[in-house]
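Each remark here refers to the structure printed beneath this line.
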Protein chains: 2
Amino acid sequence: MSRHDPELAGDRRLPLYQRLADELRREINAGRWKPGERAPSETWLAEHFEIAPGTARQAIAMLVDEGLLERFRGKGTFVRRPRFDHSLFRFFRFRDRSGENRMPEGRILHREVAPMPDHVAEALGLGADALGIAMSRLRLIGGEPVLAEEIWLPAGPFADFLEIPVGEVGPLLYPVYESACGQLVVSADEALRAEAAGPETARLLQIDAGAPVIVIDRLARGIGGAPLEWRRSRGRADQFHYTTEIR
Amino acid sequence: MSRHDPELAGDRRLPLYQRLADELRREINAGRWKPGERAPSETWLAEHFEIAPGTARQAIAMLVDEGLLERFRGKGTFVRRPRFDHSLFRFFRFRDRSGENRMPEGRILHREVAPMPDHVAEALGLGADALGIAMSRLRLIGGEPVLAEEIWLPAGPFADFLEIPVGEVGPLLYPVYESACGQLVVSADEALRAEAAGPETARLLQIDAGAPVIVIDRLARGIGGAPLEWRRSRGRADQFHYTTEIR
DNA sequence: GTTCTTAAGTTCTCTATAGAACCAGAGATG
DNA sequence: CATCTCTGGTTCTATAGAGAACTTAAGAAC
């Protein structure tokens, strides 16, 4: 946000709070304000743009609803980090033998550089046959497999990821993407469906071929919505239970 | 809402708008304001409870977020009807042969009065072996089966439903519940999972036994959250695709 | 009869202000 | 050293009011 331009951009017929919300959204999507960072206070915004505090507050409320900002009384307003505990994966009942819910460990079975399949390249917004880093990854709880994952990364931005031995990668990949490659995941799209287990999936998950599995495709996005990672995960259908409310 | 009591109930330490929101929520849940009916205007609420218009507005905004009310500029504020187009069923791709999305027709294959299975009685909040109306229903598009449904109703409140010939029931059941039995559905809980098709499901859906199917259990609720209908629907997994966004 | 005008009622936008509630840190006190 | 107090900054709650934007219906004008 330029410091000496107190004019709000956008169509003047739009309400002020809308135009301010658009302005703030631009700052976040452009990555000028990063997740975890502090956003300007209500009073600062009101003075800077010469509007009433209530109007600035209303704009902020919009972005809070959208999940872009979060507010803490007494502390300030901050750019929200994505909440992957809101992922569809939370509807898998992953319990260890004692019945506790646990974060599955991640074991990378295979990693190589290869041309991407068309559907992956398309999802990542790359040309056909673009080079990618392919991984096969198994997630386990108490030694028992719960998810079989197939992951693709664009080879260019993630070249440094290849330098890290697969054995040193912990249960979470996104922090590694950030520290090793400077690639920050800020949002994702997920799609769920079910299918019958193929022979490979059945072997990895130790179930019968043809048994139903839940498939979740995820496209993780970086700043500004640029696709960063494509991932397909499969888990036993009998461990999955999604609930929702209608009104 | 009693006309001569301008005192807001509830813990006085709570914000005014919270207490007003609670009050309005009570009116709706108790069924004193019915879906589609008009709620009091902002100015009326402000005068009646002797609070500022902005405070009344804030309370209404809460209930709008919760999906209980909806506002129309110039017209007023109304108790919202449930939106069953937000059901999980919308993620089934039900196309006819021309590729258009269409409302499936409903064909009741069987209807009888029988003791409920334990899990149904429990979901409906009734004692074990309570009597219920059981239905087997097939939903079709262009003559092709897309959903196989098993439906249970409490026998008492829905006795009049038995008087209606199954052939005269259209594609939607809830309007019939309302007109014939005075039972209004205002919300529902849905749960999704996947399983392998049993022989009966396979026959109804004309797929192979063991093929994956999506199962959606729905508990429809009336005024005040009282359970009205239990329903289990099964559809071909290859027609289902649920998407969501994380941030 | 059709169209236009007016009026009343509603939600929506915006301003301006005041104090409460809360947090973090600096400084005083014991 | 530990605890308390104060202070500045933040969001949150609430008030009061003005006008815009929109809907509906009744009445006027053609």
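Protein chains get the first letters and strands the later ones, always in sequence-line order, with residue 1 at the start of each. Worth knowing before you read on, the calculation uses all heavy atoms, side chains too, and leaves out hydrogens, waters and symmetry mates.
For the residue pair B/E229 / B/Y174, a side-chain donor-acceptor distance below 3.5 Å is found, with atom types taken as modelled. Using modelled atom types and a 3.5 Å distance limit, the side chains of B/T244 and A/E190 yield no donor-acceptor pair.
Here C/dC12 presents its C1' atom at 18 Å from CZ of A/R13, a figure rounded to the nearest Å. The distance from atom CD of B/E47 to atom C1' of D/dG17 is 14 Å, rounded to the nearest whole Å.
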Original post:
What string of B, S and - do you get for nucleotides 3-15 of chain D 5' to 3' if you count protein non-hydrogen atoms under 4.0 Å?
Top reply: ------BBBSBSB

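In summary, the aromatic rings of A/F84 and A/F89 are positioned with their centroids too far apart to meet the 6.0 Å limit.
In this structure, B/E23 pairs ionically with B/R26, as a charged nitrogen and a carboxylate oxygen lie closer than 4.0 Å.
With a 4.5 Å cut-off on side-chain heavy atoms, A/E149 and A/R231 count as touching.
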